[in-house]
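The structure appears below as C-alpha cells.
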2 protein chains.
Amino acid sequence: MRLTTKGRYAVTAMLDLALQEGKKPVTLQDIAVNQEISLSYLEQLFARLRKSGLVRGTRGPGGGYRLAKKMDAISIAEVISAVDENVDMTGCGGRGDCLDGEKCLTHELWMELSNKIFGFLSDISLGELVRRPAVIVVAERQAAVREGLRSGRLKTVVVDANTVVGNLK
Amino acid sequence: MRLTTKGRYAVTAMLDLALQEGKKPVTLQDIAVNQEISLSYLEQLFARLRKSGLVRGTRGPGGGYRLAKKMDAISIAEVISAVDENVDMTGCGGRGDCLDGEKCLTHELWMELSNKIFGFLSDISLGELVRRPAVIVVAERQAAVREGLRSGRLKTVVVDANTVVGNLK
DNA sequence: CTCAAATCCAACTGTTTTACTTGGTTTTCA
DNA sequence: TGAAAACCAAGTAAAACAGTTGGATTTGAG
C-alpha cells in the first residue's frame, strides 16, 4: 500500500464529493479551484476513480461527479488503491517464496506490516471522516501520551503530527 | 505519512538489524546484498537513521550498525519519518487555518486521517513485528529449505505462511 | 604497524513518478 | 444551438527515487 500526495489528492477530492452529497454534482473545476491543483490532473485521477466504481460522472451543463456508493461504503484504502500504480513492493509478490534467506524473511515481515496498514485504512470510510470523529492529536495508545500529558510534551507530539501532514503537501 | 519503497527499504533494513541483535554489528554491505539495493543508497538512508538516533555505527573491520535503542522502543513511524523528506508545502502548514472555506475543511479532514495513520504506525514497534507468529513459520521454512528438506511437511508450512499473509487485496 | 574493512561524506547522474500542459472530442442541458 | 461539462491522448516540466563516483576517516585484524 503506497501512500503519497497523489493519494491525498484523491482522498480530499472524494471528501469534497462526500460533503456535497444530495446537492448538485460537483464539477472538477470546483475541486481544482478549492484544492489548487490542475483540472487535467484531476481528470486523470477521476478516470481511475471512475474505473474503480467509486464515482459516477454526468456530462453537460449542470453535470459533474457524484459518489457511486454510499460514503460509508467507501474506504480510504479503496480510494488510495484506485489512484496508485499497482507496484509489487516486495519483489517476490509478498508470498515469501523468493527463497533467499534473510531477504525473504524481511519481505515477509514487510507484508505483515503492509497488511496491517491496508486493513487499518479499509476500516476507515469517507463517511466516518466527514462526521469528524473525536480524534485528539494522535492515537490514545501512543507511547508519548502513555508517558503522561505534560503540556510541553504534548506540543511536541502536535508538531510531529503536523510534520507528517506537511510532508504530503 | 509518506509510505513508499524508500520507507520499505528503511524498515526492512531496521528489521535486519533487529533480527541480528546481540550478535556482531550488521554491515551495510550485508544488507545491500540481502535486499539487493546499492550500498551507497543504503549509506544515505542510514545517515538519516543515525541522525534520528535510531542506529549506531561503529567503524573499522568488524564494525557495522546496531540499533541505538531497544527494538520495542523503535516504532515504524519513527523509522519512516527518519528517511522521509521533510518539506512543508502546505499553504496552511497542516494546521487547517488557511481560512479558505472548502479547501481548509478538507485539509482539516486529511489532517485527522494523517494523525490516525501516524498514531497507528507509532503503536507498532520493530520488536512486535519480528515476534509475529508468521515470522517464526517462515524462518523455520527457510531453515528447512537450506537443509534441502523439500517434503510434504514443507509444503504445509508454506500454505500456513500464505494464509497468514494472504489477505491483502 | 600497517592494511584492509568499514563508516562517513558530497556531488553528480540516470530513472521513475508526479503534476501539469495542450489540444482536442463528445455529451447534454439551458 | 451554444456553452458547460465530462472524457481522452500525447506530450513536457519538476520532483523524488535510486544509483554512481570518488573520496576521507576510523579502527580492528593480521
Side-chain angles (χ1 to χ4, degrees), chain A residues 2-13 17 20 23-33 35-52 54-68 80 82-89 91 166-169, chain B residues 1-13 17 20 24-33 35-52 54-68 80 82-90:
Chain A
R2 219 141 99 268
L3 196 51
T4 66
T5 60
K6 197 175 177 183
R8 173 184 167 267
Y9 283 147
V11 170
T12 52
L17 260 55
Q20 305 287 328
K23 304 179 188 173
K24 288 195 314 181
V26 182
T27 69
L28 294 190
Q29 184 61 245
D30 287 346
I31 298 177
V33 170
Q35 307 292 337
E36 285 177 342
I37 72 174
S38 87
L39 174 60
S40 221
Y41 188 46
L42 259 185
E43 285 177 345
Q44 289 166 39
L45 296 182
F46 270 74
R48 288 169 180 269
L49 293 171
R50 188 164 43 77
K51 278 168 194 156
S52 298
L54 298 178
V55 298
R56 237 177 325 103
T58 59
R59 293 177 164 192
Y65 279 97
R66 281 202 181 90
L67 297 181
I80 291 173
V83 296
D84 267 357
E85 302 297 327
N86 209 357
V87 181
D88 173 27
M89 288 174 89
N167 285 342
L168 288 157
K169 174 164 183 181
Chain B
M1 162 133 304
R2 217 142 77 255
L3 191 53
T4 66
T5 59
K6 197 177 177 180
R8 176 174 84 83
Y9 284 148
V11 171
T12 52
L17 260 56
Q20 306 287 327
K24 288 195 314 182
V26 182
T27 69
L28 294 189
Q29 185 60 246
D30 286 346
I31 298 178
V33 169
Q35 307 291 338
E36 285 178 341
I37 72 175
S38 87
L39 173 62
S40 223
Y41 189 45
L42 258 185
E43 284 177 348
Q44 290 167 41
L45 296 182
F46 269 74
R48 289 169 177 273
L49 293 171
R50 187 164 43 78
K51 277 167 195 158
S52 298
L54 298 178
V55 297
R56 235 177 328 103
T58 58
R59 293 177 162 190
Y65 280 97
R66 282 200 179 91
L67 297 180
I80 292 174
V83 297
D84 271 355
E85 297 301 322
N86 213 7
V87 185
D88 176 37
M89 293 160 75
T90 51

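Proteins come first, then strands; the chains are lettered A, B, ... in the order of their sequence lines, and each starts at number 1. Values reported hereafter were calculated over all heavy atoms of this structure, with side chains retained and with hydrogens, waters and symmetry mates removed.
In this structure, I80(B) atom CD1 and dA16(D) atom P are separated by 18 Å, rounded to whole Å. In this structure, Y65(B) atom OH and dA5(C) atom P are separated by 18 Å, rounded to whole Å. What separates NZ of K24(A) from P of dC29(C) is a distance of 14 Å, to the nearest Å. Between the CZ atom of R56(A) and the C1' atom of dA5(D) there is a distance of 16 Å, rounded to whole Å. One interatomic measurement links the two molecules: CD1 of I31(A) to C1' of dA6(D), which rounds to 13 Å at whole-angstrom precision. The separation between F46(B) atom CZ and dC9(C) atom C1' is 16 Å, rounded to whole Å. Taking atom NZ on K6(A) and atom C1' on dT17(C), their separation rounds to 7 Å, with Å as the unit. Rounded to a whole Å, the CZ atom of R48(A) is 18 Å from the P atom of dA6(D).
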Output one line per pair: protein atom, nucleotide atom from nucleotides 27-30 of chain D, and distance, for all N/O pairs under 3.5 Å.
from    : atom 1 : to     : atom 2 : distance (Å)
dG28(D) : O4'    : P61(B) : O      : 3.3

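Applying the side-chain hydrogen bond (donor to acceptor under 3.5 Å, both in side chains) definition to pairs two or more places apart or across chains, those involving residues 23-33 of chain A are T27(A)-D30(A).
Atom CG in D84(B) sits 6.5 Å away from atom OG1 in T4(B) (nearest 0.5 Å). Note that CD1 of I80(B) and CZ of R8(B) are 12.0 Å apart. Values are rounded to the nearest 0.5 Å.
Among residues two or more places apart in sequence or in another chain, the side-chain contact (heavy atoms from CB on, under 4.5 Å) test is passed with E43(B) by L28(B), L39(B), S40(B). Residues passing the side-chain contact (heavy atoms from CB on, under 4.5 Å) test with R50(A), sequence neighbours excluded: A47(A), V55(A), Y65(A). Residues passing the salt bridge (charged side-chain N to carboxylate O under 4.0 Å, His left out) test with R48(A), sequence neighbours excluded: E85(A).
In terms of heavy-atom proximity, A10(A) sits nearest to L45(A) at N-CD1, 4.5 Å. Here the shortest heavy-atom pairing between A32(A) and S38(A) reads CB-C, 4.4 Å. When all heavy atoms are compared, the tightest approach of A82(B) to L49(B) is CB-CD2, 3.9 Å.
Taking only side-chain nitrogens and oxygens, R50(A) comes nearer than 4.0 Å to OP1 or OP2 of dC8(D). Under 4.0 angstrom from either OP1 or OP2 of dA19(C) there lies at least one side-chain N or O belonging to T5(A).
Within residues 37-45 of chain B, the residues that place at least one heavy atom under 4.0 Å from DNA chain D are, in residue-number order, I37(B), S38(B), S40(B), Y41(B), Q44(B).
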